[in-house]
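The structure presented is a predicted model; accordingly, all values stated were derived computationally and were not measured.
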Amino acid sequence: MVTKSSRQAAQAPESTELATLAKLAGSSYETLERELRATIATLEQQALRFETAIDNISQGICFFDAAERLILCNRRYAEIYRIAPEHLRPGRTLGEIVERRIAAGHPRWPATLISHLPRRSIRARL
């Protein structure tokens with residue numbers, strides 16, 4: 001027959017092991033969180049350096065994703081094409097930006113550039 005004291009003795013190592021595991025899990029979580037915060041800070045600094053470099057290029061530059069949505073645009077592009085910066089926020093479509101250029105009265109694009117535009121609907125508006 002198992003006595004009460006022998007059951008307690010058997011449970012004692014288990015609860016010590018669980019406490020040790022909980023402590024290790026907490027420590028691991030803290031370490032991962034610290035590393036993640038450091039990585040995020042490094043990436044934010046790098047992104048700021050890239051944006052600053054792109055913003056200081058004298059040519060107007062826009063970057064679009066595969067869905068033709070604006071990723072990044074420098075201030076010079078807004079100046080050249082007379083588009084308010086609030087109309088050049090990430091997520092705007094290429095079509096919306098072309099419409100803004102037309103509305104701003106910017107001269108039409110040369111035929112050689114139009115042929116490289118990705119969609120016929122955009123080419124038709126030019």
Side-chain angles (χ1 to χ4, degrees):
M1 204 181 250
V2 178
T3 65
K4 187 176 180 181
S5 62
S6 63
R7 270 188 266 148
Q8 288 174 343
Q11 288 176 351
E14 286 180 14
S15 53
T16 303
E17 290 171 0
L18 287 175
T20 303
L21 283 174
K23 189 175 180 180
L24 285 171
S27 177
S28 294
Y29 176 79
E30 290 170 3
T31 300
L32 288 172
E33 185 177 18
R34 204 171 30 256
E35 289 173 359
L36 179 61
R37 288 181 193 275
T39 300
I40 289 170
T42 300
L43 291 172
E44 286 174 342
Q45 291 170 353
Q46 186 178 11
L48 181 60
R49 283 192 299 270
F50 286 142
E51 287 179 25
T52 301
I54 289 168
D55 209 33
N56 287 305
I57 295 173
S58 61
Q59 292 83 11
I61 298 174
C62 284
F63 295 95
F64 293 90
D65 64 15
E68 297 179 350
R69 295 208 167 270
L70 184 65
I71 297 170
L72 179 68
C73 183
N74 68 355
R75 65 176 166 71
R76 185 67 181 129
Y77 185 89
E79 292 168 359
I80 291 169
Y81 296 108
R82 298 186 304 250
I83 301 174
E86 61 268 12
H87 296 297
L88 293 171
R89 299 278 183 233
R92 296 277 184 170
T93 65
L94 177 58
E96 291 170 333
I97 293 171
V98 169
E99 287 172 1
R100 291 283 175 189
R101 286 183 57 175
I102 292 168
H106 195 274
R108 298 198 180 270
W109 291 356
T112 55
L113 291 178
I114 293 172
S115 65
H116 294 291
L117 288 175
R119 298 224 175 134
R120 287 191 178 127
S121 61
I122 293 171
R123 286 187 222 144
R125 287 184 243 168
L126 301 176

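With rounding to the nearest 0.5 Å, the separation of CZ in Arg49 from OG1 in Thr52 is 9.5 Å. In this structure, CZ on Arg75 lies 13.5 Å from CD on Glu51, to the nearest 0.5 angstrom. The distance from the CD atom of Glu96 to the CD1 atom of Ile83 is 11.5 Å, given to the nearest 0.5 Å. Here the straight-line distance linking atom CG of Asn74 with atom CZ of Phe63 works out to 8.0 Å at 0.5 Å rounding. Rounding to the nearest 0.5 Å gives a distance of 12.5 Å between CG of Leu21 and NZ of Lys23.
Checked against Leu72 for a side chain to side chain contact (heavy atoms under 4.5 Å, CB included), the options Asp55, Leu88, Ile54 give a single hit: Ile54.
A salt bridge is defined here as a Lys NZ or Arg NE, NH1 or NH2 lying under 4.0 Å from an Asp or Glu carboxylate O, and Arg34 with Glu30 fails to meet this definition.
What you find for Ala104 and Tyr81 is that their closest heavy atoms are CB-O, 3.6 Å. Between Arg89 and Leu70, the closest heavy-atom pair is O-CD2, 3.6 Å. Scanning both residues, Ile97 and His87, for their nearest heavy atoms gives CG1-O, 4.5 Å. In terms of heavy atoms, Arg92 sits closest to Glu86 at NH2-O, 3.4 Å.
One hydrophobic cluster, built from ILVMFWY side chains closer than 4.5 Å, holds both Ile71 and Ile57. Ile61 and Phe64 fall into different hydrophobic clusters, defined by Ile, Leu, Val, Met, Phe, Trp and Tyr side-chain heavy atoms under 4.5 Å apart, directly or through other members.
The main-chain N or O of Gly60 is never found under 3.5 Å from a side-chain atom of Arg76 such that the two would form a donor-acceptor pair.
Think of Leu36 as one node in a network of Ile, Leu, Val, Met, Phe, Trp and Tyr side chains linked at under 4.5 Å; its network also takes in Ile40.
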